[in-house]
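Take a look at the structure below.
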Amino acid sequence: MSTKALKTNVYSLKGEITVPGDKSISHRAVMFGSIAEGTTQIKNFLPGEDCLSTISCFQKLGVKIIRKDSEVIVSGNGIGGLKHPEETLYVGNSGTTIRLMLGILSGLPFESRLEGDESIAKRPMTRVTVPLSKMGARIDGRNNGEFTPLIVKGGKLTGITYPLPVASAQVKSSVLLAGLQAEGETVVVEPVRTRDHTERMIKQFGGKVERTGDSVRVLGGQSLKAAHITVPGDISSAAFFMVAGAIVPGSDIVLRNVGLNPTRTGIIDVLITMGADIRIEPYEQEKAAEPAGDIRIQYSSLKATTIEGALIPRLIDEIPIIALLATQAEGKTVIKDAAELKVKETNRIDTVVKELKKLGVNIEATEDGMVIDGNQNLAGGTVSAHGDHRIGMMLSIAALLCEQEVVLERSDAVAISYPGFFDDLYNLVQA
Ligand code: S3P
């Protein structure tokens, strides 16, 4: 188990960083490249463990994929070019890999076995296996297909209209990927709008997808053509520095090339509502499939807020770091409608509350979120990432404000989405 002594009592953070490529977009670029016809080039790919799992799964499906640091070349032969895998497709810690791949494998005429780590083994899969089975796939797994290992027997699919029972971009994407191979039309109806990287990428790869109101529609039998993809920086990774800049006194940080897709920018809205000193400079990119820009954040006083409803999917992965942000605001911050946190890499309501309490924070879990007291001093102690990258990074930012020593157990988890996190963070620390 990796253990790391974190920097505490930090005076201020200053400087510039370019956060690594977006995780959601990197996964999708490899997947679409693998099912498209021709050579796809990906620039600024995120070489984090999750996205490397996606590459390795598609290599096992017979796709030639070459990576040099953050550049990837995928030689696709169309979806029909995917071959029966000799081995289990191992997805590591990655929910996006397994759920989106299930959509692709559902339409292919062979059997595949999928498995991941101990966290994946606890995450619900029926949210994707139910709609995919309705379309005609046969998927078996532990507990009636709820948990890994899963066996998929793909084949002929028929389009469906599927109202999502939970707001999930992974489920939407999985059904759309199956829909591209199905007979007829597939419609996914969203209760609340979620990230739309899949829809944007279908278009980048020459496919057709239509949104009307809450519905997203694809026709089956489409063939996709290779594309050149430049992945913007991950706003979910940038969020740790936005919050660090807002709460460590005297800080002034510039973040370059951050993805600004409106389905992901809830963290910026929250910082603005809380009174943070944040400036966004969007790039002028008329043709860009995904918008991006620079963000400058400076320390300022903050006030509490309530985070709920349609905002939740726009910042779902940022809630751990928002909980920390709330400890430094004036007043009580309430987070609700976020029960989905319970089925992330860890139960993020429990892990955030448990670990912040260890640092002396007044924070309580609720049924669907948490309540956090503001204006708090952080003490110190031994904390754990519980194998969850975002919990590990949140605690490392918390430590900057701690008065006593902080030791982080399972610190290696950060490499799942941000291998260079500690170097980038500690380069900003002023002596
Ligand atoms: C993701 C969707 C979200 C998010 C996850 C990545 C994606 O999950 O939490 O980190 O790339 O589609 P859900 O779809 O389960 O909400």
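Position 1 is the first residue of the sequence, and the numbers go up from there. Please read all numbers here as calculations on a predicted model, not as lab measurements. Indexing begins at 1, ligand by ligand and atom by atom, following the structure's order.
- When the heavy atoms of His389, Lys344, Arg195 are ranked by distance to atom 16 (O) of ligand 1, first place goes to Lys344.
- Taking distance alone, with nitrogen or oxygen atoms compared against 3.5 Å, Lys23 stays at or beyond that limit from ligand 1.
- The only option from Leu356, Val243, Asp388 that meets the side chain to side chain contact (heavy atoms under 4.5 Å, CB included) definition with Met394 turns out to be Leu356.
- Looking at Thr158 and Glu183, their side chains never bring a donor and an acceptor atom within 3.5 Å of each other.
- For the pair Gln170 and ligand 1, the shortest N or O to N or O distance falls below 3.5 Å.
- Under the side-chain hydrogen bond (donor to acceptor under 3.5 Å, both in side chains) criterion, Glu111 pairs with no residue at all, not counting sequence neighbours.
- With sequence neighbours excluded, the residues forming a side-chain contact (heavy atoms from CB on, under 4.5 Å) with Thr88 are Arg113, Glu115, listed by chain and number.
- Close contacts of ligand 1 with Asp317, meaning ligand atoms under 4.0 Å from a residue heavy atom, involve 4 (C), 5 (C), 9 (O), 10 (O).
- Here the rule is side chain to side chain contact (heavy atoms under 4.5 Å, CB included) with Phe205, and of Ile35, Leu180, Ile229 only Ile229 fits it.
- Lys23 and Ser236 are not linked by any side-chain donor-acceptor pair at a separation below 3.5 angstrom, with hydrogens and angles left out of the test.
- In summary, the atoms of ligand 1 found under 4.0 Å from a heavy atom of Thr96, numbered by their order in the structure, are 1 (C), 6 (C), 7 (C), 11 (O).
- Residue-ligand proximity, Ala169 to ligand 1, at heavy-atom distances under 4.0 Å covers atoms 12 (O), 14 (O).
- Comparing Arg28, Arg99, His27 by heavy-atom distance to atom 12 (O) of ligand 1, the nearest is Arg28.
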